[in-house]
Amino acid sequence: MDSKNEGKQRYYKPRAEVALDIEDMENFVYDMSRCIKCKGCTWVDHTYMPGAKFMTRCPSATMYEYDAYGAYGKMRIAHGMAEGKVEWNDKALEIMYACTLCGACDVGCKRNLDLEVELTLESIRVKAVKDGVGPLPAHKKIAENVKKTGNMFGSSKKRTEWIPADAKPADKADVLYFVGCTASYTNHEIAQSTAKIFKAAKVNYMLLKDESCCGNAIFSSGMVDEAREIAKKNVEAMKKSGAKKLVTACAEGYRMWKVDYPKLLNIATADLGFEVLHLVEFVDELVKNGSLKMKKEFNTRMVYHDACSLSRLSEPWTPWEGKRGWMGCVEPRLKRRRGTNGVYEQPRDILKAIPGVDLVSLPRERENAYCCGAGRGTKEAFPEFAKWNANHRLEEIRDAGAETLVTACPMCKNNFAQNVKENGNDMQVMDISEVICSAIES
Amino acid sequence: MAISKEVYKVFESIVGDYYVSNDPVICESYRSGPGGYENGTGYERVMTTIPGCVIMPRTTEEVQKIVKVCYKNDIPYVPYSTGFYGPKSHPHVEDALLIDLKRMNDFYLDEKHYYVEVGPGMIYSPIQEEAMRHGAYVVIGGGGAQASAIANLIGDGWSPLSHRIGLPHRRILGTELVLPDGELLKLGSLANSDDPFWGECPGPDLRGILRGYTGVRGCLGIVTRMAIKTLPFQPERLQPTGISPNTVLAFPEKRVKWINYVVPSKEAQVKAMYEIGKAEIGGAVTKVPLFWRSIAKAEDKEHFWEMWGKENEKTVANFFIVRVLLIGYTSEEQLEYDEAVLADIMSEVGGEARPTKPSDESWIKNADSAGMWLMCGDYVSVDYVIETLSQATEHGPTYAELKKKYTPPLMPDYGDPGWFQSFELGHQGYSEFLIYWDHDDDTDPVDQFYLDTSIMNINHRFYTSLLGPHQPMYLTGPQYGPNYHEYFLKVKDEFDPKWMSHPPVPLAHDVLIERSPWLKKMKYWETPDDLPK
Ligand SMILES: Cc1cc2nc3c(=O)[nH]c(=O)nc-3n(C[C@H](O)[C@@H](O)[C@@H](O)COP(=O)(O)OP(=O)(O)OC[C@H]3O[C@@H](n4cnc5c(N)ncnc54)[C@H](O)[C@@H]3O)c2cc1C
Ligand code: SF4
Ligand code: SF4
């Protein structure tokens, strides 16, 4: 109970200078201090609120229930840290890391306000690392694996083992397929389907020489220095390849290349020097211009799960720094990323174009979608969290009467598939590359 | 006194280990500020503190057991449904127990008898969705679709949709209240049986005890269940469309319509509202202040100020819009008829219809008060009044005049006199006055403005919502009714002799004045020496 008149200043006075730079949490103290506890970050957009079931979109707040786990709680705790009033402890680490950085809070908040919630949460993790308390052991292990083997699993197998005998990536091509760790090691079916799609559309593609991990879990857990090194190396390799387009079937890898590498390198996505596309964007174009025909029937009642990194988190990055002044207004003008232009329609258009597919909608989709609980290094650190949230989402999917669940991210696929299997359910879980592939195969 | 290990163990035995926590980080996350309703003001800075412990019950029985333990061990506690309502929903004394009711989100809809039963964790937008699916609707308080329906209805409960269905207490059919000492009290028709349809109970009905004008802010116990009346709507779906941030409910055009009319003067606005009510048409009738339009159009904060900077006292003073929601409750023909009646009324008052989007973004399902924080970062709805239409609309200009003295730090709004609308088919008018500022500025004048409006209302003999637990009771009490504050305090003593339920509410504002030199210097009224310290 302190009074301003007693000389104690509880409130952060905004510095004139501010930047969208997650390496300094101070940049986001204004955003934290203007959180109004409306919980728009946790509830589904009220316009789309589906009823008394499936009301929330924040996996962290939904599972753990205490306010601490919603963005409003995390931001209050971090604000207390910025004021020097709150110390890290195990609970604080759990609160900050048992969160998929899925961006649901960011788009929810930005429906009404201009607060940078996602960047705030990222910056808190960078602070955890700088303060020597983060990341978590599971994340350190991934970083070690990547350092030693170039892949997040620490596998000593060849990264290109997935390449089937009849697929011949070119030495040089305009299109470079970035496979990613998961499709290279644990989900060959995704890489192989992608290769088949390229072949069917007569797209010449190459691979990155000595491809290695995109650094997703490393970046997401706050190890920005290590992540920046990976970004530099990968972007340089991509430039050297001469390819004009990077295509990937991994949503998290896509976000890294399109959004977080530019963020780490302090450049705009547009200045990368090449285009970054998810397979669904690439295929959508091919289908619409007639280069790819999906004729084979797939008779199924299907739902599509929006992977966070492909949807609300995927808008391009533009660095920004400037000043915050009166009433919190900033200059120069900042075009905020609100998740409006995420990749939502392309996968749906593709699936709807497949004969026999009955694509049904879910109560929570597009920017309101409920994250599967696995991404951004969360499953590795909190397997129970990933499981709980996958099951929560699966309940919604089952309610929709789905026979086939389709995603465009290997993390989502694996998390769902594992839980479907454990539950003894007969739902089919497929990556969209497999679905496309099945529709083009004769 | 900190909660002892023994008591903590008892709490664990009631709700399970997971659902009670005194971890400092968990407690910090239940801080009221720094942002949001009334935060950053003296009331938050001086009067609130983080809880000593947080507990999350699931059932009424658990709530009863918890407060019994609190009563026995002198542990102050605060009911908390969503916590959106700022400092008033947060502990005012050290080592309090915050009772987070979000897990109590049961929902039951009785389609045939037009009511829902909810727990305090259930918010409005899901209730509206469920109700509309069954051809009914509820009035979502303008403060937000994200508010707990119970917390809203025991304190507020109005919006433009109140045009038709009136005052909040008439929508509360039954209430289950855990008294401060843990006893269970059932009010309204829940007192009789588990069939809340009728609303009334045998003998004296205590439903009003929790409401008054704007509620008692959790100081008379905890509401654990409420039966809320729903109202017949039209059957067609209002389809959610668009992508964030531009999401709206698209109307079935022959059944639901907003029409904005530009009218020549405030008198014409009032007359139109009155006539619309008299004709018994419309689902909502409200004035639209100019800056709401700017908020609706603004892409971001900076865009708002760019637009608002072009306005001036004249443009604000000469902006008269009446926004009317027409609903063909029974048929498309009804909507046609209502529209024709409306056109007649408007031609009488000189109103001109403007093209209006066939959708709703901020009243029917998504009441998004959150957007009002966009421009400045801080915002409160400082006062409201319910009077006759002609009287209610007189209040705004007095606030606008007083506000000049406190601008800055209040937002330069060119003398905007607030918002008003029709209630109860024009039998009543509702007027609300809003203020905006940035809490990085000196907020003392914001506190002073708040208090000054109360003093002004007393001088003008205006009876407004700034009573009871919103203002110093020893200032307002002696002025309104015969010693209303003494009556209130007697009720409080009777219900809560140990003052464990959200202390020192209802005297929080009296205590605030004593602790805040910038407010104390405005004090001219007497308070007893034994105010809670
Ligand atoms: C900017 C703004 C504008 C508003 N405009 C309107 C408006 O136009 N119309 C309208 O109707 N309302 C309006 N309100 C009021 C507001 O919507 C509150 O009524 C609503 O927020 C309360 O619900 P909550 O979930 O936020 O409650 P909480 O924040 O959880 O609690 C509010 C108060 O009620 C107590 N409380 C909570 N739950 C219980 C319970 N179960 N039993 C007993 N006491 C309890 C708390 O201790 C606290 O004192 C406005 C509010 C704001 C902030
Ligand atoms: S939506 Fe934004 S302002 Fe509202 S509680 Fe969440 S983070 Fe805070
Ligand atoms: S990023 Fe996702 S899980 Fe984390 S707080 Fe936001 S909505 Fe919740």
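Convention: sequence-line order gives letters A, B, ...; per-chain numbering from 1.
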- Item | Atom CD of A:Glu395: over 12 foreign heavy atoms under 6.0 Å |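 Buried by this count: over 12 neighbours within 6.0 Å.
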Using 0.5 Å steps for rounding, measure from the [atom1] atom of [X] to the [atom2] atom of [Y].
X        : Y        : atom1 : atom2 : value
B:Ile26  : A:Ile77  : CD1   : CD1   : 6.5 Å
A:Met49  : B:Lys365 : CE    : NZ    : 7.5 Å
A:Met327 : B:Asp378 : CE    : CG    : 9.0 Å
A:Arg366 : B:Thr247 : CZ    : OG1   : 13.0 Å
A:Ile36  : B:Gln146 : CD1   : CD    : 7.0 Å
B:Ile123 : A:Thr56  : CD1   : OG1   : 10.0 Å

Using non-hydrogen atoms only, which part of [X] is less than 4.5 Å away from chain A: side chain, backbone, both, or neither?
X        : value
B:Lys102 : side chain
B:Asp106 : neither
B:Ile364 : neither
B:Val118 : neither
B:Ser21  : both
B:Tyr124 : neither
B:Glu38  : neither
B:Asn246 : neither
B:Phe107 : side chain
B:Met375 : backbone

- Task: Could you tell me which non-hydrogen atom of B:Ser29 sits nearest to which non-hydrogen atom of A:Gly73, and how far apart they are?
- Result: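 Heavy atoms only, the tightest pair is CB-CA, 3.8 Å.
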- Nearest heavy-atom approach of B:Trp305 to A:Cys329 is CD1-SG, 3.3 Å
- Between B:Tyr18 and A:Tyr66, is the gap from one ring center to the other below 6.0 Å? yes
- Message: Can you see whether A:Asp45 engages B:Ser244 through a side-chain donor-acceptor pair at a distance of less than 3.5 angstrom?
- Response: no
- Would you say the side chains of B:His303 and A:Arg333 form a donor-acceptor pair under 3.5 Å?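 Not at all, the side chains of B:His303 and A:Arg333 share no donor-acceptor pair under 3.5 Å.
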So what's closer than 4.5 Å to chain B heavy atoms on [X]: side chain, backbone, both or neither?
X        : answer
A:Val330 : both
A:Tyr344 : side chain
A:Cys35  : backbone
A:Leu334 : backbone
A:Glu87  : backbone
A:Met32  : backbone

- Item | Pair B:Ile140-A:His46, side chain to side chain contact (heavy atoms under 4.5 Å, CB included): steps then yes or no | CA-CA 11 Å; B:Ile140 296 188; A:His46 298 292; over 6 Å; no
- Message: One thing to verify: whether A:Arg76 and B:Glu28 come together as a salt bridge, which I'm taking to mean a side-chain N less than 4.0 angstrom from a carboxylate O.
- Response: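 Salt bridge flag = no for A:Arg76 with B:Glu28.
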- Query: Does the pair A:Asp67/B:Arg31 count as a salt bridge with the N-to-O cut at 4.0 Å?
  - Reply: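 So A:Asp67 does not pair with B:Arg31 through a salt bridge.
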- Item | Stepwise side chain to side chain contact (heavy atoms under 4.5 Å, CB included) check, B:Ser125 with A:Met55 | CA-CA 9 Å; B:Ser125 57; A:Met55 299 181 287; over 6 Å; no
- Task: Could you point out which residue of A:Lys110, A:Lys335, A:Arg337, A:Arg336 forms a salt bridge (charged side-chain N to carboxylate O under 4.0 Å, His left out) with B:Asp300?
- Result: A:Arg336
- Message: Run A:Arg34 and B:Asp440 through side chain to side chain contact (heavy atoms under 4.5 Å, CB included) and show every step you take.
- Response: CA-CA 10 Å; A:Arg34 296 310 191 274; B:Asp440 284 321; 2.7 Å; yes
- Query: Between B:His90 and A:Lys37, does a side chain to side chain contact (heavy atoms under 4.5 Å, CB included) hold up when you go through it step by step?
  - Reply: CA-CA 12 Å; B:His90 295 76; A:Lys37 240 193 223 196; 2.6 Å; yes
- Comparing B:Pro409, B:Pro240, B:Cys27 against chain A, the one with the most heavy-atom pairs below 4.5 Å turns out to be B:Pro240
